[in-house]
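Heads up, the thing below is written out as structure tokens.
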Amino acid sequence: MKNLLKAAPLMVLLVILSSCGGGSGGAADPKEIGDAALKKILAKEFDTLDSLMEQDMDMSAVKELRDWRIKEGYERWKDYKKRLEGDGGMDPKSKSGIDGEDKWKEMSYGKKMGLEMDLYKLYANEDVDKRLGEMKWAYIGKQVKLVEEGQGTATVHYMNGFQDMIEVKCKRINSLWYLTSVEVTMSKEPPKKPKDD
């Protein structure tokens with residue numbers, strides 16, 4: 001009976017820890033977050049990357065605030081549209097599906113994050129389907145900085161045969177790692193093969 005009573009607080013702690021990390025992207029190692037983010041990027045599932053982030057917001061309240069800002073004119077479709085379009089825009093090839101004011105108003109948090117991390121810009125690059133979906137990508141290392149017990153930051157690096165790069169940035173909160181952002185470095189055209197003189 002004494003052993004059972006000693007084990008009870010440990011069981012409660014395990015339940016609490018598993019419920020904190022469950023469905024909110026927490027992982028024991030930053031490479032797990034990096035691998036999961038890489039998989040989503042290569043599959044062009046940009047809008048689902050938010051599932052790897054710390055879910056520490058009241059999303060319904062955030063949506064209410066955004067709806068209010070739109071209704072009161074603090075956020076306007078015509079201004080956001082300018083940020084989407086053109087060579088320097090967040091969505092130069094109109095692949096996000098945000099093609100009008102109604103879609104913009106209904107935009108999910110995941111879609112917003114995919115656009116803000118410039119992932120839809122990748123569609124402007126030549127052979128993007130081949131470079132993301134068909135090419136082999138390799139894990140090439142990570143940098144981890146632990147600040148204090150249970151906290152820290154990390155960057156996980158991946159590269160393909162064209163030397164396109166994906167960096168996945170993570171933060172550690174209470175001993176679990178979460179995605180904070182991704183950065184993809186990809187030239188507009190694949191590099192040319194060297195030629196003999």
> Looking only at heavy atoms, which two atoms of Asp129 and Lys44 are closest? And how far apart?
Replying inline: OD1-NZ, 2.9 Å

> If every non-hydrogen atom of Thr180 is compared with every non-hydrogen atom of Cys170, which pair is closest and at what distance?
Replying inline: OG1-N, 3.8 Å

>> Whether Arg131 and Glu134 form a salt bridge (side-chain N of Lys/Arg under 4.0 Å from carboxylate O of Asp/Glu) is what I want to check.
In response: no

> Quick one: does Ile140's side chain get under 4.5 Å of Tyr158's, heavy atoms only?
Replying inline: no

> When you look at Leu115 and Met117, which way does the side-chain contact (heavy atoms from CB on, under 4.5 Å) test go after all the steps?
Replying inline: CA-CA 5 Å; Leu115 285 162; Met117 289 189 278; over 6 Å; no

>> One pair to check against side-chain contact (heavy atoms from CB on, under 4.5 Å): Leu132 and Tyr123. What are the steps and the verdict?
In response: CA-CA 10 Å; Leu132 285 181; Tyr123 285 105; over 6 Å; no

> Do Tyr139 and Leu38 share a hydrophobic cluster (ILVMFWY, side-chain heavy atoms under 4.5 Å, transitive)?
Replying inline: yes

>> Within the structure provided, determine whether Pro30 and Lys142 are in side-chain contact (heavy-atom separation under 4.5 Å).
In response: yes

>> Quick one, Trp177 and Val156 - any side-chain contact, counting heavy atoms below 4.5 Å?
In response: no

> About how many Å separate CG of Leu146 and OG1 of Thr153, when rounded to the nearest 0.5 Å?
Replying inline: 8.0 Å

> Do Ile166 and Met159 have side chains that get closer than 4.5 Å, going by heavy atoms?
Replying inline: no

> Do the side chains of Met57 and Leu49 join up, straight or via other hydrophobic residues, at under 4.5 Å, putting them in one cluster?
Replying inline: yes

> Are Val62 and Trp68 grouped together when hydrophobic residues (ILVMFWY) are joined by side-chain heavy atoms under 4.5 angstrom apart?
Replying inline: no

> Going from CZ on Arg83 to CE on Met90, what distance comes out if it is rounded to the nearest 0.5 angstrom?
Replying inline: 4.0 Å

> Run the side-chain contact (heavy atoms from CB on, under 4.5 Å) check on Asp164 and Val184 step by step: do they pass?
Replying inline: CA-CA 8 Å; Asp164 298 325; Val184 182; 5.9 Å; no

> Is there a donor-acceptor pair under 3.5 Å between the side chain of Asn160 and the backbone N or O of Gln163?
Replying inline: yes

> Any donor-acceptor pair under 3.5 Å linking the side chain of Asp127 with the backbone of Lys130?
Replying inline: no

>> As a quick check of understanding, evaluate side-chain contact (heavy atoms from CB on, under 4.5 Å) for His157 and Gln143, giving each step before the final call.
In response: CA-CA 9 Å; His157 304 272; Gln143 286 109 18; 2.8 Å; yes

> Is the closest basic N to carboxylate O distance between Lys112 and Asp47 below 4.0 Å?
Replying inline: no

> Taking C-beta and beyond as the side chain, do Val168 and Leu52 meet within less than 4.5 Å on heavy atoms?
Replying inline: no

> Any Lys/Arg nitrogen of Arg76 or Asp79 sitting under 4.0 Å from an Asp/Glu carboxylate oxygen of the other?
Replying inline: yes

> What's the shortest heavy-atom distance between Leu176 and Ala28, and which atoms?
Replying inline: CD2-N, 4.3 Å

> Are Asp67 and Lys63 close enough for a salt bridge, meaning some N to O gap below 4.0 Å?
Replying inline: yes

>> Angle between ring planes, Phe46 versus Tyr120, binned at 30° and 60°: parallel, tilted or perpendicular?
In response: perpendicular

> So, are Glu126 and Lys188 salt-bridged, with charged N and O less than 4.0 Å apart?
Replying inline: no

> Between Thr48 and Asp50, is a side chain to side chain donor-acceptor pair (under 3.5 Å) present by the stated rule, with each step listed?
Replying inline: CA-CA 5 Å; Thr48 64; Asp50 66 320; over 6 Å; no

> Nearest heavy-atom pair of Ser187 and Glu189: which atoms, and what distance?
Replying inline: OG-O, 2.6 Å

> Side-chain contact, heavy-atom cut-off 4.5 Å: Met186 with Leu122?
Replying inline: yes

> Are any of the side-chain nitrogens in Lys40 or Asp35 under 4.0 Å away from the carboxylate oxygens of its partner?
Replying inline: no

> Can you get from Met107 to Trp77 by hopping between Ile, Leu, Val, Met, Phe, Trp and Tyr side chains that sit under 4.5 Å apart?
Replying inline: yes

> Using 4.0 Å as the upper bound for N to carboxylate O, is an ion pair formed by Asp91 and Lys95?
Replying inline: no

> Rounded to the nearest 0.5 Å, how far apart are OG of Ser108 and CD1 of Ile98?
Replying inline: 7.5 Å

> CE of Met113 to NZ of Lys111: how many Å apart, nearest 0.5 Å?
Replying inline: 14.0 Å

> Given side chains that start at C-beta, do those of Trp104 and Glu75 come closer than 4.5 Å, heavy atoms only?
Replying inline: yes

>> Within the 4.5 Å heavy-atom criterion, are Glu85 and Pro92 side-chain neighbours or not?
In response: no

> NZ/Lys71 to CD/Glu64 distance, rounded to the nearest 0.5 angstrom?
Replying inline: 12.0 Å

> So, the side chain of Arg66 versus the backbone of Lys105: is there a donor-acceptor pair under 3.5 Å, distance only?
Replying inline: yes

